[in-house]
Amino acid sequence: MIQRFLFSGTGGQGVITAALVFAEAAVFGEGLNAVQTQVYGPEARGGSARSDVIIADREIWFPKVLQPNVLICLSQLAYDRFSPLVRPGGVTITDPFYVTRWQHATSRALEIPLHETIVALNGGDGLSIQGINMCLLGALSRLIPVVSPESLHNAVERRFPARHRERNLQALEAGTTLVRERVTTF
Amino acid sequence: MERRIEVNRNWCKGCRICVAFCPKNVLELDRKGTVVAARPGDCIWCGDCEIRCPDLAITIVREAAS
Amino acid sequence: MTPTGTVTPTGTGTLHFLQGNEVCAEAAVYAGMRFYAGYPITPSTEIAERLAWRLPQVGGTCIQMEDEIGSLCSVIGASLTGLKGMTATSGPGYSLMQEAVGYAIMAEVPLVIVDVQRGGPSTGLPTHASQGDVMQVRWGTHGDHAIVCLSASTHQDLFEIMIRAFNVSETFRTPVVVLIDEIVGHMREPVRIPDAGEFELTERLLTSVPRDVDYHPYFPREDGRLPMSHFGGEHRYNVTGLYHDMWGFPSDDPRVTNDLIHHLMNKLENRKRDLTFTKEWYTDDAEIMLISYGASARSARHIMEDRRAVGMRMGLIELQTLWPFPGELVRERCRQANYVVVVEMNMGQIVHEVKTAVDRPERVFLANRVDGEMITPVDIKHLVRVIQGKGI
Amino acid sequence: MAVTDYLRRRFMPHIWCPGCGHGIVLNSLLRAIEKLELEKNDIVMISGIGCSARIQGYVDFHTMHTLHGRALAFATGIKMAWPLLKVIVPMGDGDALAIGGNHFIHAARRNIDVTAIIMNNSIYGMTGGQHSPLTPCGDQATTAPYGTVDSPFDVVRLASAAGASFIARTTTYHAREMTRLLAAAIEHRGFSVVEVLSQCPTYYGRKNDAGDAVAMMEGFRDGTVRIDRKTAETSDGDPGRLDGEAAGTPIGLFRREERPEYCEAYRRRVVEPAMAAGRGESETP
């Protein structure tokens, strides 16, 4: 088994943290191997954000993701740029709030209303999207059978200091529930 | 207390600083350009020569009288 | 030899999921490093950040200096007092450190410099991959000198190489450079930090000369080692960057000068065997031999496994010691290969050493990439197809 | 212990020219150390490059002859690694303030317990008489054949702005005062700066018709004016300026204040809490 994930979006959404927690959950929770890389530098400050995660039950040598099995795009820019890269048979996950899909390639496309869900969870303020990254992970754990919700739960507890823990766990939980109810497949 | 001016002739480079700033004109350069205490009897033991010597060549030796 | 990897590192200790830079920091602490001075520079900064947090926990000292020059100078000072010292930087910072590198070589001060390479020349590509500092590390200071430079491609190897770097530097009283790159430095993967005691640590060889007895800080023993005395301790001596006698005082006596430069070169060049660390795969039957190091070796390993699966006899030497260059070993292992492909992310640096080392330099090819992107397994595959006359 | 007992006598006489003020600094420094009754083994002297830097070879302490301008950086490492040592850093004007200017202001900013002695002879002596950042504007030097255009630093103001907690200026003429100031500087806990106006009769003196060593020292005598501490403190926070019109370069003790010393502050505010807390539960800082 080897799965290549590409997390992308804009700065402030926390997609890099999402990638990191996801990889940690695979390593510590599932006993799998994982490699995480990200794009650094000025372009990572406020602009676009990208992080690659490879998860496998064997050694991983080349650490970059050139063709993701799973592509997550939380911005139009990221979608426009990366959606052609998805492996045949792969999955593209987008949030309709951020992304208007135009690719009709061989990959499966899933739309999840992460933004809407997290805004509701945070009390209805449209600017308050804190936790959207954990919400994404909750959804991912249901959609891609690599990392279990339990492993993610533990990884969140491990990663965040006490004062942020509860909120992130709630967002994670919201993501898992969301998948059962509101995923649109194309 | 016995006191005398001791000059390390190997270290002295003859710069004349001690000669110039001696308040009692005790010191002078000899023929070879090395400082000597020419008039030790006039010395008031102020130590100005000792502390200003760039070559650490002058010592005011203070010995208890035997 | 056959590959012997495991999915996740096993054994004693604790499993972590860290960046390579963080691994450098943790390994240094494990090796007993207690003084770090550095200046922020991408892509090495996480080393300083980790150590600013980590070193005080074990009673060590971490200081952010005003520049890279001051960083390495203060490490030299601290090392002389008996602490294992380290700094970390990237190519532009290493350029600034070159004068102090020469000083550490001349004054025979043990310390470790981690250079996390980025694209150059000049400020170049701060956040992108490159392996352009190989020759800077070899020749980067004026005058003839020998230098030890180690590298690693995986975090578990990196942990061990860092400890070896400290051991070598303490053994031979010499600066040791650990040369990694933006990929290895920033990538996160599982790494096992072993329990204390699993790796042997070389401690400083201290003089047994008692107080008030003439101590010669620069009089090598027969094995080339020089017992030290803590600077500020019982023996007072002089340390200088000038050619010096066995007490450390400046000398321009031609015999003293000649002996010193030979000693500085020979203490490392004559001990290549102790300083050569490599990893080898299928070197016994390889028709196409890849030679690589650092992040490039990950792509080399990837394509080697991939090609072996379809029956191609490809092998790999991963150089963990770049300097002194293990030329004899490379010559020996490449003897039966039809082609040698050096994989590196520069315009060709180690490839020249390989060409010098092997019997048939015309069979040595360079697979490189210099656009800031990591060289991919496919890049290597294409080059191999071309030299085999198969086209891409 | 006699003053010359602190010398490595086998290397004497020293290499400095006849009348060079640096020898007087060496003389005063040893007297200061004798006065403080310091153990040779407790003192580390670190110098850079230049005529001034050669002072380290003649003293029987732990000595280190480093790189041009970098002595304070080496000293920072030594002091932090072994805070009980007395660290003395003699520097020339070019060494301290041109190539080493950045290390100087940052050592002052940290207030690390190091004694910096700036032996200011307004010239690069070792390389043969080039102008330095302390050469007065208009003066002659081999690299300023038409006179310098550059304005010099004022060491006292520079050190003050950078945060040194002990600042003094004296001259080789005032050798007794120099001894007193150096002793006070070495005793001071924090970054101490003593600027000593020193004569270079060979290059600076000759180039600028300043006469021989004696004439140059007479110039220090007649061209300086002593401040007392009170004056220094009431000069609108500018320790380099005297109240009223002063004829000449102000000399004396300009600042002595208690500020947290760097090694001590690092131990108290970083190491002790970190060691007490141990490794946190979180992987990241």
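Everything numeric in this text was worked out from a predicted model, so none of it was measured. Atom set for the values below is all heavy atoms of this structure, side chains included, hydrogens, waters and symmetry mates excluded. Each chain gets a letter, A, B and so on, in the order the sequences are listed, and its residues count up from 1.
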Out of D/L72, D/L84, D/N102, D/T76, return the one with the most heavy atom pairs under 4.5 angstrom to chain C. D/N102
Under 4.5 Å from a heavy atom of chain C, the part of D/R269 involved: neither
I'd like to check D/V193 versus D/V155 (side-chain heavy atoms, cut-off strictly below 4.5 Å). Are they in contact? yes
For the candidates C/A100, C/G60, C/G232, C/G85, which exhibits the highest count of non-hydrogen atom pairs separated by less than 4.5 Å from chain D? C/G232
Please look at C/Y237 and chain D and tell me whether the side chain, the backbone, both or neither of the residue comes under 4.5 angstrom of a heavy atom of that chain. backbone
Largest heavy-atom contact set with chain C, pairs under 4.5 Å, which of D/K40, D/H68, D/M80, D/R70: D/R70
Crowding at CZ, D/R259 (>12 non-hydrogen neighbours, <6.0 Å): yes
Among D/Y266, D/F11, D/F61, D/F74, which residue forms the greatest number of heavy-atom pairs with chain C at distances under 4.5 Å? D/F74
Counting heavy-atom pairs under 4.5 Å with chain C, the top scorer among D/V87, D/D60, D/I49 is D/D60
Under 4.5 Å to a heavy atom of chain C? For D/V44 that would be side chain
Is there side-chain contact between D/F104 and D/L158, with heavy atoms separated by less than 4.5 Å? yes
Is D/R8 in contact with chain C via its backbone, its side chain, both, or neither, using a 4.5 Å heavy-atom distance? side chain
Tell me whether D/E261 is salt-bridged to D/R110, with the criterion being a basic N under 4.0 Å from an acidic carboxylate O. no
Just say parallel, tilted or perpendicular for the rings of C/F199 and C/Y30, cut-offs at 30° and 60°. perpendicular
Are C/E46 and C/H186 close enough that a side-chain donor and a side-chain acceptor fall under 3.5 Å? yes
Quick one: what part of C/L242 sits under 4.5 Å from any heavy atom of chain D, side chain, backbone, both or neither? side chain
Answer key: most heavy-atom pairs under 4.5 Å with chain D among C/L83, C/L72, C/V75, C/D67 is C/D67
Heavy-atom cut-off 4.5 Å, strictly under: side chain, backbone, both or neither for C/A107 against chain D? neither
D/T115 side chain to D/S192 side chain, donor-acceptor N/O pair below 3.5 angstrom: yes
With a 3.5 Å cut-off and no angle check, do the side chains of C/E189 and C/T154 form a donor-acceptor pair? no
